[in-house]
Structures are given as structure tokens and as C-alpha cells.
Amino acid sequence: MAYDYDLFVIGAGSGGVRASRLAAMAGAKVAVAEEDRAGGTCVIRGCIPKKYMVYASEFGRSLKHMEGYGWKVENATYDHNLFMDKMHREVDRLSGIYSRNVRNAGAEIIDDRAEFVDAHTLKLKKTGKTVTAGKILIATGGRPTMPKDVEGIEHAITSADMFHLKQLPKHILIVGGGYIGVEFAGIMSGLGVNVCLAIRKEAVLRGFDEDVRTHVHEELKRKGVKVITMANPTRIERIGDQLKTYFTNGETVAAEQVLFAIGREPNTKGLGLEKAGVKLNANGAVEVDEYSRTSVPHIFAVGDVTDRMNLTPVAIREGQAFAQTEFMNRPTAFDHAEVPHAVFAQPPAGVVGMSEAEARKAFGMVDIYKTKFRPMKDMLTGDEERVLMKIVVRAEDERVVGVHIVGPDAPEIIQAVAIAVKMGASKADFDRTCALHPSIAEELVTMREKYIPPELKPV
Ligand code: NDP
């Protein structure tokens with residue numbers, strides 16, 4: 001049977017755009033439906049505007065640091081609307097580039113929402129038109145999860161709203177100590193907002209190495225963020241221009257804004273996946289195999305909608321692997337191991353590979369190398385911020401299986417270190433690499449002493 005398209009992609013975010021461009025360049029007839037603007041979470045309401053907000057917020061601290069280097073800065077002010085306006089213009093520019101790149105590759109962009117009618121047919125919501133395709137790629141991403149059991153939750157905002165605040169609140173409560181909660185706590189605090197971060201365990205960033213969690217947690221507090229732990233929100237009440245949030249541990253917090261950042265969920269609602277026979281897993285994500293193939297052989301899914309590793313570059317690589325497999329005759333499964341990732345906290349954390357706990361569980365014996373120090377730059381600024389570096393080594397063959405950095409430029413450093421880790425570098429390879437002086441990263445190749453926990457040290 002002849003279909004309207006060889007490939008129909010739902011969602012013009014990171015994964016969908018990469019897949020559609022490659023498939024179109026390989027000669028396939030491709031269309032991409034997007035109900036919002038091209039670019040997806042990353043460009044429109046995630047990584048890109050978030051990183052600009054991180055940059056904006058860092059200047060506050062830099063102004064203080066400048067004094068340590070002899071600069072006098074008087075009457076410095078921050079204009080939130082001016083910055084936001086410039087940031088959104090850049091977001092618009094990037095979104096335009098995404099659309100253009102898709103079209104230049106020979107694919108069609110349809111500004112509409114597409115929903116399944118059956119396994120080969122999609123209905124476009126605005127026009128009511130139906131289209132058919134030989135293969136379909138679901139790349140609809142995810143959206144912020146909001147709790148169902150918190151009374152007054154309609155008063156709270158999500159990370160997407162943070163990019164459209166008309167003015168900065170004086171006080172914000174952030175619920176959730178994951179990537180988004182920690183990043184916005186740093187941003188808001190850097191911009192001079194009074195921040196309270198509420199988490200339901202003892203430390204932020206569950207899943208990260210314990211030393212990273214402790215370090216980021218302590219740095220947040222040192223920067224003036226009030227962190228309340230073991231706190232589960234139950235109710236938000238509006239009192240005048242304040243929102244009062246009640247927690248199970250008896251605490252209450254009053255703030256002008258309440259941001260909920262308690263995770264994200266796959267965008268599968270209303271897509272008609274049941275009509276196509278596409279199965280979801282227990283978390284509501286599209287179930288796929290290593291080639292991103294769903295339970296229906298000609299329907300595929302990549303990116304956050306599959307809830308594998310919710311990171312932009314991973315979605316891109318999954319989209320690329322799909323296009324290579326299905327349209328370029330090069331079967332490729334993306335390898336999800338040793339993907340570097342970063343939390344743009346202040347200072348940021350950069351990680352590749354396993355935490356100490358994961359490595360101990362997987363290999364039993366591991367060697368740990370770690371150091372904490374004040375970066376050279378701060379010797380003149382008086383800032384007490386510390387850098388953390390930690391290397392996790394598999395004892396049996398000395399292979400480096402994890403590197404963890406919290407400190408200035410950690411994401412930049414970790415991206416380069418990830419090459420060595422992916423190549424299987426050993427601790428001896430790190431040791432025989434000459435240091436680059438003076439730098440923060442040189443500590444990575446100068447750590448010689450294995451870390452022995454105090455309780456195991458001979459007395
Ligand atoms: P995360 O999964 O990272 O963290 C969620 C946080 O919310 C955890 O602290 C969790 O606590 C807490 N939480 C979960 N449910 C509740 C609840 N009902 N009440 C109170 N607290 C709750 O989610 P985020 O929203 O921060 O980010 C979503 C995903 O987006 C990330 O996992 C990441 O994949 C991606 N992302 C990546 C970024 C990057 O690469 N730099 C930046 C931003 C997002 P607990 O630990 O106890 O479960």
C-alpha cells in the first residue's frame with residue numbers, strides 16, 4: 001500500500017528533529033508534526049533558557065568577586081525584563097533554526113498536533129486531515145509532573161513558567177531536590193531572590209554519588225538557600241499576595257511563588273496510542289527495545305517519551321540511531337552507558353559513569369580517590385566555595401568507572417574526561433597524563449592517595 005509519507009514524526013524536539021533530518025537526507029519522504037514551536041523542551045523551556053538564566057544569575061556573585069581583584073562596581077542593577085527579552089529572542093532564533101534545518105533537509109513541518117487513528121494513520125487536530133505513513137516515530141517528550149494530593153496545587157507553577165515570570169518574586173519556595181529544583185534554587189538565589197528549597201529526604205540529588213549530593217547540598221546552604229528536609233507538601237493556601245505551604249513535618253513556608261519540580265512524565269496522553277496498539281510501561285512511558293522499536297514493529301519512540309535517560313543529547317543519539325537503522329541500512333543501538341551529565345547548580349556538578357555505591361554493588365572492590373580544595377581564583381575573592389573531585393576505580397583492573405566533579409566548569413571538564421572513561425582508561429592512564437597548570441582540572445591527574453575512610457584508618 002502506498003502511504004503519504006515514508007516516515008511521520010510526532011514532535012519537533014531534539015530527538016524528532018535529528019531523526020527526521022537524517023531520514024529525509026537519506027531520501028525518505030518525511031513529515032514532522034509539532035503542536036508548539038520547533039525545538040522541544042530543550043530549546044523552548046529547558047536546557048537553553050535555563051543555562052542563560054544560570055549565566056544571568058552568576059554575574060551577581062562575580063560582581064562581589066571583582067572587588068577582590070581591585071575592581072569597584074557601584075550601583076550595579078539587574079533588569080529582569082531586559083534579560084528575559086534578550087533570552088527569548090535567542091530562543092526564537094534557535095527555534096527558527098530548528099525548523100529551517102528540518103526543511104533544508106527536505107522534510108515537511110506541519111504546525112499541528114497529530115494523534116493516532118490506527119497503526120498507520122494520524123489525524124491532524126487543527127485541520128482534521130488524516131495522513132498515513134509507513135513508519136511513525138513518537139518523539140513527544142515529557143512534561144512536569146504535578147502532584148494530585150496537594151490541596152491548592154493550582155497556585156503553584158512549573159519549570160516552564162519560570163521562563164515567563166514578569167518580575168522576580170521576593171521569596172520563592174521550590175519543592176523537589178532533583179535537577180530542576182537545585183538548578184532553579186541556584187538561579188533564583190543568584191538573582192537575589194530569597195529561596196527555600198523543600199526536599200522529602202535528607203539531601204538533594206538522589207541517585208547521584210553521596211559525596212556529590214552532600215557537596216551540592218552544603219554549597220546551596222552556603223549560598224543562602226534555606227533547605228528544609230524530610231518535608232512533604234500537603235496544602236498551599238493563598239493569603240493576600242502570599243502563598244503559604246504546609247508540610248507533613250509541621251513546617252510552613254510563606255512565599256510569593258511556589259515552584260514544583262518533582263519530576264517529569266512522558267507526553268503520551270491523548271495521542272491515541274491504544275488505537276495503534278502501542279504499549280506503555282508501568283511509568284506511562286512508551287515501551288521500546290534497544291532499537292527504539294515499540295510493541296508495534298513499524299512504530300518507534302525516542303527521547304523523554306520513552307523515559308530511558310531524559311537528556312537532550314541522548315534523545316538526539318536515539319533519534320540518530322533510529323534513522324541509521326531504518327533509513328540508512330546501518331543497524332545502530334545507542335549505548336546508554338557512560339553518558340556524561342551535569343547539574344547546573346552553583347557550583348555545577350559534572351558526572352560520568354558510576355557512583356561509588358553503584359560501583360561497589362557492581363564490582364565489590366573499588367578504589368576511591370577524592371579531593372576537596374578552594375579554587376585558586378577564590379584565594380583573592382574570599383569566597384569559601386570548595387571544589388570536589390572524585391574518581392571511582394574498579395580494583396580488579398584499575399579501570400576508571402566513575403568521575404564526579406562539583407566546581408567551576410565541572411560540565412566542561414567532565415565532557416572531555418568522558419572520552420577517556422568511554423575509551424576504558426585506567427587510573428594509570430590518568431596518572432601518566434601530564435597536568436596542565438594552573439587549572440582546576442589538573443587535580444584529576446595528580447590524585448595519588450587512595451581514600452581510606454576515617455573508620456578504616458590505622459590508629
Ligand atoms: P528529578 O527526578 O531530577 O527530581 C525530582 C525531585 O522531586 C526529587 O528530589 C524527588 O525526591 C522529588 N519528588 C518526587 N515526587 C515528589 C513529591 N510527590 N513530593 C515532593 N517531592 C517529590 O526531577 P526534575 O523535575 O528535577 O527533573 C526532571 C528530569 O529532567 C531530570 O530527571 C532530568 O532527567 C531532566 N533534567 C536534566 C537537566 C540537566 O541535564 N542538567 C536539567 C533539568 C532536567 P526523591 O529524591 O525523594 O524521590
Side-chain angles (χ1 to χ4, degrees), residues 7 9-20 22-23 32 39-43 45-47 135-145 159 176 178-180 205-209 261-269 271 273 276-326 330-343 349-355 358-359 361-362 401-402 411 414-415 418 421-422:
L7 172 66
V9 179
I10 314 177
S14 303
V17 163
R18 174 59 64 95
S20 51
L22 287 180
V32 195
T41 300
C42 172
V43 173
R45 62 194 87 81
C47 324
K135 286 176 183 163
I136 296 167
L137 178 68
I138 305 161
T140 48
R143 60 159 174 264
T145 303
S159 54
Y179 281 84
I180 296 178
L205 296 181
R206 189 166 55 86
F208 281 73
D209 187 277
I262 61 165
R264 293 176 59 83
E265 58 198 40
N267 258 335
T268 50
K269 276 199 198 109
L271 276 182
L273 294 175
V278 173
K279 277 199 195 134
L280 303 183
N281 67 19
N283 298 334
V286 177
E287 205 171 88
V288 287
D289 68 8
E290 61 193 309
Y291 293 100
S292 298
R293 189 186 296 272
T294 70
S295 52
V296 182
H298 67 270
I299 302 179
F300 300 78
V302 295
D304 290 7
V305 76
T306 64
D307 197 22
R308 285 175 280 184
M309 202 175 255
N310 299 333
L311 301 170
T312 294
V314 172
I316 291 173
R317 289 300 187 93
E318 289 168 355
Q320 178 172 321
F322 154 76
Q324 286 170 339
T325 306
E326 296 301 318
R330 224 189 304 157
T332 312
F334 175 65
D335 173 10
H336 290 83
E338 286 135 358
V339 170
H341 48 285
V343 183
V351 173
V352 62
M354 294 177 166
S355 67
E358 285 167 343
K361 197 165 167 217
V401 293
I414 218 73
Q415 174 68 85
V421 174
K422 189 84 191 161

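The structure displayed is predicted, hence computed values, not measured ones.
- Annotation: the span from Ile299 atom CD1 to Ile10 atom CD1 amounts to 8.0 Å, rounded to 0.5 Å.
- Although no hydrogens or angles enter the test, the distance criterion places a donor-acceptor pair under 3.5 Å between the side chain of Thr332 and the main chain of Arg330.
- Thr325 contributes atom OG1, which lies 9.5 Å from atom CD of Glu290 (distance to the nearest 0.5 angstrom).
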task = Walk me through it: do Arg264 and Asn310 pass the test side-chain contact (heavy atoms from CB on, under 4.5 Å)?
result = CA-CA 9 Å; Arg264 293 176 59 83; Asn310 299 333; 5.6 Å; no
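- In plain terms, the two heavy atoms of Leu137 and Gly16 that are nearest each other are CD2-CA, 4.5 Å.
- Heavy-atom minimum distance, Asp304 versus Pro266: O-CB, 4.1 Å.
- At distances below 3.5 Å, not a single donor-acceptor pair connects side-chain atoms of Asn283 with backbone N or O atoms of Ala285.
- Distance OG/Ser295 to CG/Asn281: 11.0 Å, rounded to 0.5 Å.
- Side-chain atoms of Val288 and Arg308, non-hydrogen and from C-beta on, do get closer than 4.5 Å to each other.
- The two residues Ser292 and Val302 have their closest heavy-atom pair at OG-CG1, 3.7 Å.
- A heavy-atom distance below 4.5 Å is found between the side chains of Val286 and Val278.
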request  = Could you please spell out the steps behind the side-chain contact (heavy atoms from CB on, under 4.5 Å) verdict for Asp209 and Val351?
outcome  = CA-CA 9 Å; Asp209 187 277; Val351 173; over 6 Å; no
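- Here CG of Leu7 is found 9.5 Å from CD of Glu326. Values are rounded to the nearest 0.5 Å.
- Contact between Gly277 and Val296 at its shortest, heavy atoms only, is O-CG2, 3.4 Å.
- Distance check: Leu311 CG to Arg317 CZ gives 12.5 Å after rounding to the nearest 0.5 Å.
- By the 30° and 60° cut-offs, the orientation of the rings of Tyr179 relative to His341 is tilted.
- Of the possible donor and acceptor atoms, one in the side chain of Lys422 sits under 3.5 Å from a partner among the backbone N and O of Ala337.
- Salt bridge Glu287/Lys279: absent, no basic N to carboxylate O contact under 4.0 Å.
- A tilted orientation is assigned to the rings of Phe322 and Phe300, their planes being inclined by 30° to 60°.
- Residues Ala19 and Ala323 approach most closely at O-CB, 3.8 Å, considering heavy atoms.
- Between the CG atom of Leu271 and the CG atom of Leu280 there is a distance of 9.5 Å, given to the nearest 0.5 Å.
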ask   = What do the steps show when you test Arg18 against Glu318 for side-chain contact (heavy atoms from CB on, under 4.5 Å), and what is the final call?
value = CA-CA 9 Å; Arg18 174 59 64 95; Glu318 289 168 355; over 6 Å; no
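- Between Thr312 and Cys42, the shortest heavy-atom distance links the atoms OG1-CB, 3.3 Å.
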